[in-house]
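Numbers restart at 1 for each chain; the letters A, B, ... are given by sequence-line order, proteins then strands. These numbers come from a predicted model, not from an experiment.
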Protein chains: 2
Amino acid sequence: MLRVPTTVDVFNAIAERRRRAIVEWLAWQEPMAAGVLVVALGLPQPAVSKHLGVLRKVGVVAVIEQGNCPVYNPEAETLKPVHDWAKGFEELWGHQLDRIKERAEQRAHAETESPTSLEPRKGQA
Amino acid sequence: MLRVPTTVDVFNAIAERRRRAIVEWLAWQEPMAAGVLVVALGLPQPAVSKHLGVLRKVGVVAVIEQGNCPVYNPEAETLKPVHDWAKGFEELWGHQLDRIKERAEQRAHAETESPTSLEPRKGQA
DNA sequence: CCATTGTATTCCCGTAAGGGAATATGTCAA
DNA sequence: TTGACATATTCCCTTACGGGAATACAATGG
């Protein structure tokens, strides 16, 4: 089981700088033709088309077919899992650092260093 | 310029399921030896070691040297950029959808479909 | 119908990266 | 010091993936 392909896993899809840039552009100026992105990002046209293909398959971007010049739309809901996952560690970089460390240690002691389940109970799996 | 290596770009580092799982475990039960993760995740020991190496290099994880049995710690601040980036699109999956679409269209009209800068002004670049 | 334009696709190549097995390293115990 | 244990590293192999060039495809305008 290798890495989940970019066209399936959102985390993997946005692991590419240019794709993140594309999403940013689309989010900034809503519906946009591929050609605009080509000019804007200064990338070769096939590259943009491929990246858009990945983003489309993974659901980060939706395409509105308009004849010769299809227009791309951000589907940001797909990015929510990323946000939620990272947000799950918010308390770790915030001020409540000590609080959660205490909790963690309490749990650790309670279980005597041998977890019974193979899944973290905290969630955000 | 290919994809930024996993040991440099956080987005790419967490694009791997197992690494996310490792981070989750560490966040759940604070300091933890590599061996515990091996048992917990059911992965071969070298795999866990390698993944921890990546996470360490990218800064998502810190290691506390303890002789034979070094202990790993989550360094969640490194994940904040991911959170922030995704959060930048929060308004797109929320209720303010129409609001931002209006704004975007206004800008689009104001600039007559030809962006002058090569960077999105919205930020989160 | 044909030419033009914009976009998607294909082919080939190079490389990063993960898996598995074996091995090295390093630490603690006796 | 030697042996046992835990972790890190190396080697080889396979594959996903991005780049570049060329091409195919679709739609529109003449």
Side-chain angles (χ1 to χ4, degrees), chain A residues 1-23 25-26 31-58 60-73 113-115, chain B residues 1-23 25-26 31-58 60-73 113-115:
Chain A
M1 205 199 304
L2 236 66
R3 189 189 278 211
V4 184
T6 58
T7 52
V8 175
D9 183 18
V10 192
F11 287 87
N12 200 6
I14 64 167
E16 171 68 58
R17 274 180 162 266
R18 303 162 210 294
R19 281 197 287 263
R20 288 201 296 276
I22 289 178
V23 175
W25 269 89
L26 290 180
M32 187 180 281
V36 181
L37 288 167
V38 171
V39 176
L41 301 174
L43 295 176
Q45 177 267 321
V48 172
S49 186
K50 287 177 198 171
H51 285 312
L52 282 173
V54 172
L55 292 174
R56 186 169 42 82
K57 283 179 186 165
V58 84
V60 177
V61 149
V63 55
I64 305 176
E65 293 295 350
Q66 283 190 4
N68 201 14
C69 201
V71 159
Y72 284 88
N73 229 16
E113 288 184 15
S114 62
Chain B
M1 203 198 307
L2 238 64
R3 189 190 279 213
V4 183
T6 57
T7 52
V8 176
D9 182 18
V10 195
F11 287 87
N12 201 4
I14 64 166
E16 172 68 59
R17 273 181 162 266
R18 302 161 211 293
R19 282 197 287 263
R20 289 202 296 274
I22 288 178
V23 176
W25 270 89
L26 291 178
M32 188 181 281
V36 181
L37 287 167
V38 172
V39 176
L41 301 175
L43 296 176
Q45 177 268 322
V48 173
S49 186
K50 286 177 199 171
H51 284 313
L52 282 173
V54 172
L55 291 174
R56 185 170 43 82
K57 282 178 186 165
V58 83
V60 177
V61 148
V63 55
I64 306 176
E65 295 292 350
Q66 282 191 2
N68 199 13
C69 203
V71 158
Y72 285 88
N73 229 16
E113 290 184 13
S114 62

K.L.:
Report the residue from B/Asn73, B/Leu37, B/Val36 that forms a side-chain contact (heavy atoms from CB on, under 4.5 Å) with B/Leu26.
P.N.:
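The residue from B/Asn73, B/Leu37, B/Val36 that satisfies side-chain contact (heavy atoms from CB on, under 4.5 Å) with B/Leu26 turns out to be B/Leu37.
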K.L.:
Show each protein N/O and nucleotides 10-13 of chain C N/O combination with a separation under 3.5 Å, one pair to a line.
P.N.:
unit_1 : atom_1 : unit_2  : atom_2 : d
C/dT10 : O4     : A/Lys50 : NZ     : 3.4

K.L.:
Which nucleotide wins on minimum distance to the side chain of A/Ala33, given the candidates C/dT7, C/dG18, D/dA8?
P.N.:
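Given the options C/dT7, C/dG18, D/dA8, the side chain of A/Ala33 is closest to C/dT7.
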K.L.:
With a 4.0 Å limit, can you tell me whether A/Thr6 has a side-chain N or O closer than that to the phosphate oxygens OP1/OP2 of D/dC17?
P.N.:
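For D/dC17, OP1/OP2 do have a side-chain N/O of A/Thr6 under 4.0 Å.
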K.L.:
Quick one: which residue pairs count as a salt bridge (Lys or Arg N to Asp or Glu O under 4.0 Å) with a foot in residues 36-52 of chain A, not counting sequence neighbours?
P.N.:
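For residues 36-52 of chain A: none.
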K.L.:
Hey, could you give me each pair passing salt bridge (Lys or Arg N to Asp or Glu O under 4.0 Å) that has a residue in residues 31-46 of chain B? Not counting sequence neighbours.
P.N.:
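Counting only pairs at least two positions apart or across chains, no salt bridge (Lys or Arg N to Asp or Glu O under 4.0 Å) contact touches residues 31-46 of chain B.
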K.L.:
Between C/dG18 atom P and B/Leu52 atom CG, what is the distance in whole Å?
P.N.:
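The distance from CG of B/Leu52 to P of C/dG18 comes to 13 Å, rounded to the nearest Å.
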K.L.:
List the protein contact pattern of nucleotides 25-30 of chain D with one symbol per nucleotide (5' to 3'): B for base contact, S for sugar-phosphate-only contact, - for none; contact means a heavy-atom distance under 4.0 Å.
P.N.:
-BBS--
K.L.:
Going by salt bridge (Lys or Arg N to Asp or Glu O under 4.0 Å), name the pairs with one or both residues in residues 4-15 of chain B, residues two or more places apart or in two chains.
P.N.:
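Applying salt bridge (Lys or Arg N to Asp or Glu O under 4.0 Å) to every pair that reaches into residues 4-15 of chain B, excluding sequence neighbours, yields A/Arg20-B/Asp9.
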K.L.:
Given D/dG19, C/dG19, C/dA8, which nucleotide is nearest the side-chain atoms of A/Ala47?
P.N.:
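Nearest to the side-chain atoms of A/Ala47, counting from C-beta on, is D/dG19.
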K.L.:
I need the CZ-P distance between B/Arg3 and C/dA16, as an integer number of Å.
P.N.:
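Spelled out: CZ on B/Arg3 to P on C/dA16 is 13 Å.
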K.L.:
Could you give the CG-to-C1' distance, from B/Asp9 to D/dG18, as a whole number of Å?
P.N.:
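From B/Asp9 CG to D/dG18 C1': 15 Å.
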K.L.:
Could I get the full list of side chain to side chain contact (heavy atoms under 4.5 Å, CB included) partners for A/Pro46, not counting sequence neighbours?
P.N.:
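Result, side chain to side chain contact (heavy atoms under 4.5 Å, CB included) vs A/Pro46: A/Pro44.
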K.L.:
Among D/dG19, D/dA8, C/dG19, which is the nearest nucleotide to the side chain of B/Pro70?
P.N.:
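Out of D/dG19, D/dA8, C/dG19, the nucleotide with an atom closest to B/Pro70's side chain is D/dA8.
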K.L.:
Between D/dG19 and A/Arg18, is there an OP1 or OP2 to side-chain N/O distance shorter than 4.0 Å?
P.N.:
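Looking at the OP1 and OP2 atoms of D/dG19, one of them is under 4.0 Å from a side-chain N or O of A/Arg18.
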K.L.:
Distance check needed: D/dG19 C1' versus A/Glu16 CD, whole Å only.
P.N.:
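So the CD-C1' distance, A/Glu16 to D/dG19, works out to 11 Å.
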K.L.:
Take atom CZ of B/Arg56 and atom P of D/dT9, then tell me their distance rounded to the nearest Å.
P.N.:
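To the nearest whole Å, that distance equals 6 Å.
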K.L.:
Can you check side chain to side chain contact (heavy atoms under 4.5 Å, CB included) on B/Thr6 and B/Arg19, steps first, answer last?
P.N.:
CA-CA 11 Å; B/Thr6 57; B/Arg19 282 197 287 263; 3.6 Å; yes
K.L.:
Please determine if a side-chain N or O atom of A/Tyr72 lies less than 4.0 Å away from the OP1 or OP2 oxygen of C/dG6.
P.N.:
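Answer is no, no contact under 4.0 Å.
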K.L.:
Expressed in angstrom and rounded to an integer, what is the separation of B/Phe11 atom CZ from C/dA16 atom P?
P.N.:
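Distance, rounded to whole Å: 21 Å.
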K.L.:
Using the side chain to side chain contact (heavy atoms under 4.5 Å, CB included) criterion, which residues pair with B/Ser49? Sequence neighbours excluded.
P.N.:
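So B/Ser49 forms a side chain to side chain contact (heavy atoms under 4.5 Å, CB included) with B/Gln45.
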K.L.:
Tell me: NE2 of A/His51 to P of C/dA8, nearest whole Å?
P.N.:
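After rounding, the gap between these two atoms is 13 Å.
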K.L.:
Looking at the base of D/dA8, is there any donor atom on it, or on the side chain of B/Gln45, that sits under 3.5 Å from an acceptor on the other one?
P.N.:
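Such a pair exists between side chain and base.
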K.L.:
In this structure, which one of A/Glu16, A/Arg17, A/Met32, A/His51 forms a side-chain contact (heavy atoms from CB on, under 4.5 Å) with A/Ile22?
P.N.:
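Going through A/Glu16, A/Arg17, A/Met32, A/His51 one by one, the side-chain contact (heavy atoms from CB on, under 4.5 Å) with A/Ile22 is satisfied by A/His51 alone.
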K.L.:
In whole angstrom, what separates A/Ile14's CD1 from D/dG18's P?
P.N.:
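Result: 13 Å.
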K.L.:
Nearest to the side chain of A/Ala34, which nucleotide is it out of C/dT7, D/dG18, D/dT9?
P.N.:
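Of the candidates, C/dT7 comes closest.
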K.L.:
State which of C/dG18, D/dC17, C/dT9 makes the closest approach to the side chain of A/Asn12.
P.N.:
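Minimum distance to the A/Asn12 side chain belongs to D/dC17.
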K.L.:
Would you mind telling me which of D/dG19, D/dG18, D/dT9 lies closest to the side-chain atoms of A/Arg19?
P.N.:
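My answer, after comparing the listed nucleotides, is D/dG18.
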